There are 4 protein chains.
Amino acid sequence: MDATATGSPDHGTGTPTDAPGGPATRGRPRDPGRDAAILDAAVDVLAEVGYAALTMDAVALRARAGKATVYRRWASKDELVLDAVRRLEHQQVPVDPLPDTGSLRGDLLALFRPEPAEETARRDRAAAGLVSVLSHRPELAGAAHRSLVGPWAHAHRTVMARAVARGEVDPGADVGILAQVLPTMAAYRALVQRAPFDEAFLLAVVDGVLLPALRPPAAPPR
Amino acid sequence: MDATATGSPDHGTGTPTDAPGGPATRGRPRDPGRDAAILDAAVDVLAEVGYAALTMDAVALRARAGKATVYRRWASKDELVLDAVRRLEHQQVPVDPLPDTGSLRGDLLALFRPEPAEETARRDRAAAGLVSVLSHRPELAGAAHRSLVGPWAHAHRTVMARAVARGEVDPGADVGILAQVLPTMAAYRALVQRAPFDEAFLLAVVDGVLLPALRPPAAPPR
Amino acid sequence: MDATATGSPDHGTGTPTDAPGGPATRGRPRDPGRDAAILDAAVDVLAEVGYAALTMDAVALRARAGKATVYRRWASKDELVLDAVRRLEHQQVPVDPLPDTGSLRGDLLALFRPEPAEETARRDRAAAGLVSVLSHRPELAGAAHRSLVGPWAHAHRTVMARAVARGEVDPGADVGILAQVLPTMAAYRALVQRAPFDEAFLLAVVDGVLLPALRPPAAPPR
Amino acid sequence: MDATATGSPDHGTGTPTDAPGGPATRGRPRDPGRDAAILDAAVDVLAEVGYAALTMDAVALRARAGKATVYRRWASKDELVLDAVRRLEHQQVPVDPLPDTGSLRGDLLALFRPEPAEETARRDRAAAGLVSVLSHRPELAGAAHRSLVGPWAHAHRTVMARAVARGEVDPGADVGILAQVLPTMAAYRALVQRAPFDEAFLLAVVDGVLLPALRPPAAPPR
DNA sequence: GCCTAACCGAGACGGTACGTCCGGTCTTTTT
DNA sequence: AAAAAGACCGGACGTACCGTCTCGGTTAGGC
């Protein structure tokens, strides 16, 4: 269900008769290399001309693929673009080895790794594409949101929970909502405002919003 | 420059007193009523079928206008839709008489006034349109952002400044960034996430983020 | 009836109150010079770009006239083009002083006056226009035919009648149909075939068709 | 050159054996059935509403074809209409078994075979279309003329030559031009004058022009 | 080692919206 | 009231692109 809803390639492993005893994969199997080639082409075209001017023919041509090969994997332009954007976003969420600097502020800042300018431009074009997809297919909004800010929010939640465990911050803080603040505001910047997500903004949010809201409720000794 | 950048209708050639001895306005002048009729039609169609299915022919037909009359004023579908969205946004000044309940929490909650459901649906469709326009013309992102969250952020800033003046909150708080938190997160919800901006979310942000971050540093022992 | 049917300009001498005692020509009278200016412009445009590419705006622009001024005189593009063609054709029917060389053959050949090549090209473009008008408005076909081949056929009829009176030709000949042969074939050449109406063709028809058909029925002395 | 000049559908790229090692025909081949379906639809629409009101959308709709499929074969409305007219003309070979009644007059009259009224109307609309095409593309005039009057003139020439061989007519007659008289005048009637090509006219030309011009020079004393 | 089904590139296909152009009408100001 | 200028409605034009279908040809299995 998730695969269909989010537009990821429909790898035809599941034929109608998927029952035990009859996988019966007859005929030539799909070339898995085409998936990546098409997705790469889509990312390139998206970054070069934007969503509005992206055509399926152009993607197919650049991937040296036929249009049928594309449509066998993605049901529509929107599905393809959505996956292309995801590929772009996914490969740069830096939360795989979660930083652990010992302080909450250090962790939060470390989660933001500046990227090369070239990559930034790429992401900006992709953001335009994603936004447009959402306007065409609102039912994908949830999936896109989860995929975009979900990992970031999860990382923030983890880092904040560790700070709580360390006794560094207010144990009664609403970590659930606080963990969403920075990812959401950053996503809004990228998708709608198109302003750069620079370090100044990062510091303003961390030092002006998150840390004040999390700071312990006043030390007993007055 | 403004006209081009923002897509507003390109009204004729110059003011009546163009130049000394100038030819003045010759020929039939543009009918200003057509501007409004077309924009209204665009807003209607946008609200009914959304951006992707909005057709210039449909707009022209509903406005009882020829397509040439539409294209004489807006150079493309995107320009027209952008103006239509703007009209929608403009006509809802969110906080004309700024609430003053005496407490910061009361003010913040009062700023969120539930609107009739019908109006909400209308604005949601329009938001979809706006988002799509942004994906086609990223250079308009700044203007759209200012018109969407600008007024809200300004209202929040005022309310917070009053709380500072009352001595209710931490005078050293970064009101500049804090005033953006709720408007930005709300806009993200509406434009990208397509989740309802309901009261639960409002309370979570106010009580979990804004008030904690603003509370005075030296709380009396609880 | 003829004026309306053929599209000649509707010179507004006849206002609704044309009754005796009340000519009452009120308001600014029509500028008769505009008729000629517009017609000249139409002829020029027709000759330059042909019927298909002739636009009313182009004609009005070249005549330095407003479109309303054109439409006040001619009800449609077809009517105007028809008149333009007529002006072109009319001014070169050379039958005003009917030639009288003393012999039928001399008269027939004299009716054909070679024209400068520049004028020929003009006529060719005009012919295209006429033909197209007829395809749009078949009801004008009769009028166009009468105006184009009518004068020529009348001239031929006169010349042949004189030959009959002189006893030069068979008195029982069907002059009615014979007088149409050359004008009709010439018009066909000009309008449809677009072959030059050159002297060779003229001689072939005169010497191969008309004179043989008209020659006296064999002299009594064998 | 021929294809372009005449507007016939542009079938694919080259013959199967294009060049040694050539890429041969790749991709889905053109469906030849669409050619005929579109042409048929064009003929129908032409006959129903005439050239001026013929719409490419109407043709495509009736042929259940997309507009791209039409424009892939014909570059413009004119090209398509020309081919449609040609199809109409082609399918009426006027004189397959040449009549041989024994007399020139009998043969000439027999060449005119009345056709069903329905067919006449069809051809008349088609003639209007042909004429209009000529006005848009004068360079096709020659071809149209050859296809329209060529076969008829050829038939007349044959019949007249037989009469010469029989000694029935003047052996010195200019059969070349005489054979064109009736076809040309008939075509003029149909295309320009829009008068019916009725039997009265036929008899007038045959008895008033052709037979008198062809009669032997030494008639027995009447 | 063949047979067969499903793959692949290429591109034609139906449908639909785009933005342009033009015919004929209407509405200004100026003469 | 006519003239010049030009905006107005309606509708056809030719282009572009989406998603589907159909070619010839290739590439795995299964027999």
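This is a predicted model, so every value here is computed, not measured. Computation of the quantities below employed the complete heavy-atom set of this structure, encompassing side-chain atoms and omitting hydrogens, waters and symmetry-equivalent molecules. Labels below follow one simple rule: chain letters A, B, ... track the order of the sequence lines, proteins then strands, and each chain is numbered from 1.
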Nucleotides 11-14 of chain E: which of its N/O atoms have a protein N/O under 3.5 Å away?
from: dA12(E); atom 1: O4'; to: Arg28(D); atom 2: O; distance (Å): 3.4
from: dA12(E); atom 1: N3; to: Arg28(D); atom 2: NH1; distance (Å): 3.3
from: dC13(E); atom 1: OP1; to: Asp31(D); atom 2: N; distance (Å): 3.1
from: dC13(E); atom 1: OP1; to: Arg73(D); atom 2: NH1; distance (Å): 3.4
from: dC13(E); atom 1: OP1; to: Arg73(D); atom 2: NH2; distance (Å): 2.8
from: dC13(E); atom 1: OP2; to: Arg72(D); atom 2: NH1; distance (Å): 2.7
from: dC13(E); atom 1: OP2; to: Arg73(D); atom 2: NH1; distance (Å): 2.7
from: dG14(E); atom 1: OP1; to: Arg34(D); atom 2: NE; distance (Å): 3.1
from: dG14(E); atom 1: OP1; to: Arg34(D); atom 2: NH2; distance (Å): 3.0
from: dG14(E); atom 1: OP1; to: Arg64(D); atom 2: O; distance (Å): 3.0
from: dG14(E); atom 1: OP2; to: Gly66(D); atom 2: N; distance (Å): 3.0
from: dG14(E); atom 1: OP2; to: Thr69(D); atom 2: OG1; distance (Å): 2.5

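Here Leu61(B) lies out of heavy-atom contact (under 4.0 Å) with every strand.
Across the protein-nucleic acid pair, Met56(B) atom CE and dG10(F) atom C1' stand 16 Å apart, rounded to whole Å. The distance between atom OH of Tyr51(A) and atom P of dC17(F), rounded to the nearest whole Å, is 13 Å. One atom, CG of Leu80(D), and another, P of dC13(F), lie 10 Å apart when rounded to the nearest Å. With rounding to whole Å, Tyr71(C) atom OH is found 17 Å from dT27(E) atom C1'. Between Asp78(B) atom CG and dC18(E) atom P the separation is 10 Å, expressed in whole Å. Whole-Å rounding puts the Ile38(A) CD1 to dC8(E) C1' distance at 10 Å.
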Please evaluate residues Leu80(B) and Met56(B) with respect to the criterion side-chain contact (heavy atoms from CB on, under 4.5 Å), reporting the C-alpha separation (whole Å), side-chain torsions for both, the decisive distance (0.1 Å), and the verdict. CA-CA 9 Å; Leu80(B) 172 61; Met56(B) 292 304 259; 4.0 Å; yes
Using side-chain contact (heavy atoms from CB on, under 4.5 Å), reason through Trp74(C) and Leu39(C) one step at a time and then give a plain yes or no. CA-CA 10 Å; Trp74(C) 290 273; Leu39(C) 221 38; 3.7 Å; yes
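Take the nearest nucleotide of DNA chain F for Ala60(C) and for Ser76(A): the residue whose nucleotide is more 5' is Ala60(C).
Inter-residue side-chain proximity for Tyr51(C) and Asp78(C) is flagged as met; some heavy-atom pair is nearer than 4.5 Å.
Under the 3.5 Å distance criterion, the side-chain polar atoms of Lys77(D) are matched with a main-chain donor or acceptor of Leu54(D). Of the possible polar contacts, one joining the Thr55(A) side chain to the Ala58(A) backbone as a donor-acceptor pair under 3.5 Å is found.
Residue Arg34(B) comes nearest to Arg73(B) through the heavy atom pair CB-NH2, 3.6 Å, listed as atom of the first residue, atom of the second, then distance.
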